[in-house]
Amino acid sequence: MKIKTLRNIVCAVSATYLLSMACVRMEGAPPPIVHPVKRVQLRLKWQDFISGPGGPARLASLKKAVLKMKSLDTASPTSVDFRRSWKYWANIHGYYGPQSMDGTVAEQLSYLQSVGLGSDASFYNGITDQTPPDQIAQAVWATCQHSANAGSGQANFFGWHRMYLYYFERVLRWAAQDNTLRLPYWDYTNTSQEKMPAEFRDTASTMFDDKRNSGINAATSALNSNSTNINSALTNSNYLSFEYGIETGLHGYVHCTVGPTCPVAHMGDVPVAANDPVFYEHHANIDRIWACWQHLYPTTARAPWQTQTFSFPDENGNLQTRPVSDFLNTATLGYVYDNVSACSRRVIKRPVFHAEFALQTRTAEQRLPTVVGTSKPLSISSPQASVDIPVPATKAHALAVPGAAPPNSVLVLRDVQADSPPGTMLDVYVAKQGEPNNRQFVGTINWFAAFHHHHGPSVRTLEFDISEQLRVLHLASTTAGLTVSFEATDGRVAANAGAATSHTAVRPEVAQAFRKEANVKVGAIELRQSR
Ligand SMILES: [Cu+2]
């Protein structure tokens with residue numbers, strides 16, 4: 001018993017692959033296959049990466065790698081060196097040019113003009129059209145994957161980006177001549193880390209990018225700690241729904257908030273987003289959040305999306321094509337995150353988990369069969385709008401009963417539509433009908449990647465787990481129902497202001513940025529339950 005307790009403590013604090021493998025072996029699993037080439041190293045949170053005895057050397061190594069990659073931007077376009085350049089790796093995510101699905105820079109500028117964002121044209125200064133110089137570039141440029149819709153079954157947003165970072169990191173190690181180098185991550189889910197890390201704001205640093213919101217770059221503005229909260233998201237045991245929720249939620253929110261807005265260069269615009277150095281620390285955090293989910297819901301079950309293959313050049317410029325299934329266990333890729341067991345701001349009560357169910361397509365209708373209430377369609381033609389969801393008192397009571405296994409309550413925003421970029425994001429709140437000041441934050445709607453390729457209007461169905469919010473609201477005492485409200489936001493709060501939930505007026509510059517011509521509509525808002 002004592003040995004077991006000691007082993008649990010060791011396993012709980014163990015950070016390295018080998019130590020955790022020892023823990024597995026003590027539990028009777030077969031001996032691990034030790035990878036012959038790579039040593040497993042930690043991907044650290046940014047604040048740890050730069051501090052401690054090894055911090056200065058790690059930071060110097062990362063900056064050396066970025067500088068080296070940037071120096072190769074002018075290498076001969078068909079050379080191996082160009083495949084190791086900063087520009088090339090940004091182009092793998094996306095690019096503008098005559099052969100690009102997204103068209104040319106000039107076409108993007110006229111698009112911005114046509115949707116009322118012409119004043120942001122200056123963010124495209126210095127951005128030029130690119131042309132894939134050879135077959136390898138033809139195969140790998142602009143291949144980033146974004147999900148079609150919740151439950152569509154074939155997403156691979158997580159899978160493609162994990163592969164991308166893995167090969168990018170190999171090039172970083174080559175460029176730094178440092179085999180221990182691993183990407184750090186910007187953990188903005190931690191409320192003390194909502195400001196852009198200082199190194200990225202230092203105008204003298206190679207990590208700086210002037211194509212960001214000026215307040216973010218000055219650290220007078222910060223991310224909103226409401227929008228970066230993944231407590232509710234992590235209670236979602238359905239993989240495809242979780243992936244879609246993180247992609248269209250937190251991930252896009254950070255892109256649009258660093259911005260300067262969506263769809264504007266760099267971070268706010270898919271085809272050029274990966275030119276900003278902070279893109280990689282942002283996506284390392286998104287990759288970590290996937291690892292958090294994998295830790296919460298471990299499974300060896302297989303699903304069709306895992307068999308999809310993607311191609312990337314390695315650090316020698318050779319094309320590698322591998323299935324997503326090779327990338328499910330990060331330890332086999334040479335890295336583990338320093339923290340995948342405490343990714344939430346509170347302890348997650350893990351819901352019932354059926355692996356074969358969780359990895360397969362499940363629509364909201366299948367996963368959440370009980371409709372508790374439905375709103376009328378809503379047109380959002382001003383920076384603040386709201387709609388009521390009638391909820392019969394008997395159902396409301398059942399929703400909010402505190403018990404050992406409370407049902408999951410999910411708000412489904414069906415067919416969230418816009419004809420063009422709305423100019424702002426929208427914060428979503430829920431309150432008891434008639435008590436608007438006691439509202440609870442639900443999530444932030446953003447339009448990152450929504451108008452990708454400029455193809456017509458955007459339509460997305462979004463889901464938010466609001467079980468916790470309903471408990472806080474003591475919904476059982478209501479007889480009227482819920483009010484769901486929408487409020488325009490640029491995603492930013494004054495630095496050190498923390499989370500702003502009180503019912504205040506939308507800031508004037510945000511209200512002005514909101515474009516009612518975008519014609520934002522929500523088809524219906526449903527409150528659904530898991531049983
Ligand atoms: Cu992204």
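Each ligand, and each atom within it, is numbered from 1 in the order the structure gives. These figures come from a predicted structure and were not determined experimentally.
For the pair Tyr253/Phe448, no side-chain contact is recorded, criterion being any heavy-atom separation below 4.5 Å from C-beta on.
Between Arg492 and Asp490, at least one side-chain nitrogen of the basic residue sits less than 4.0 Å from a carboxylate oxygen of the acidic one, meeting the salt-bridge criterion.
With a cut-off of 2.8 Å, the Cu ion (ligand 1) has no N, O or S atom of His161 in range. Here His283 reaches the Cu ion (ligand 1): one of its N/O/S atoms is less than 2.8 Å from the metal.
Of the N and O atoms on the side chains of Tyr166 and Arg170, at least one donor lies less than 3.5 Å from an acceptor on the other residue. Checked by atom type, the side-chain pair Tyr185/Asp287 shows no donor-acceptor distance below 3.5 Å.
Sorting the N, O or S atoms of His255 by how far they are from the Cu ion (ligand 1) puts NE2 first.
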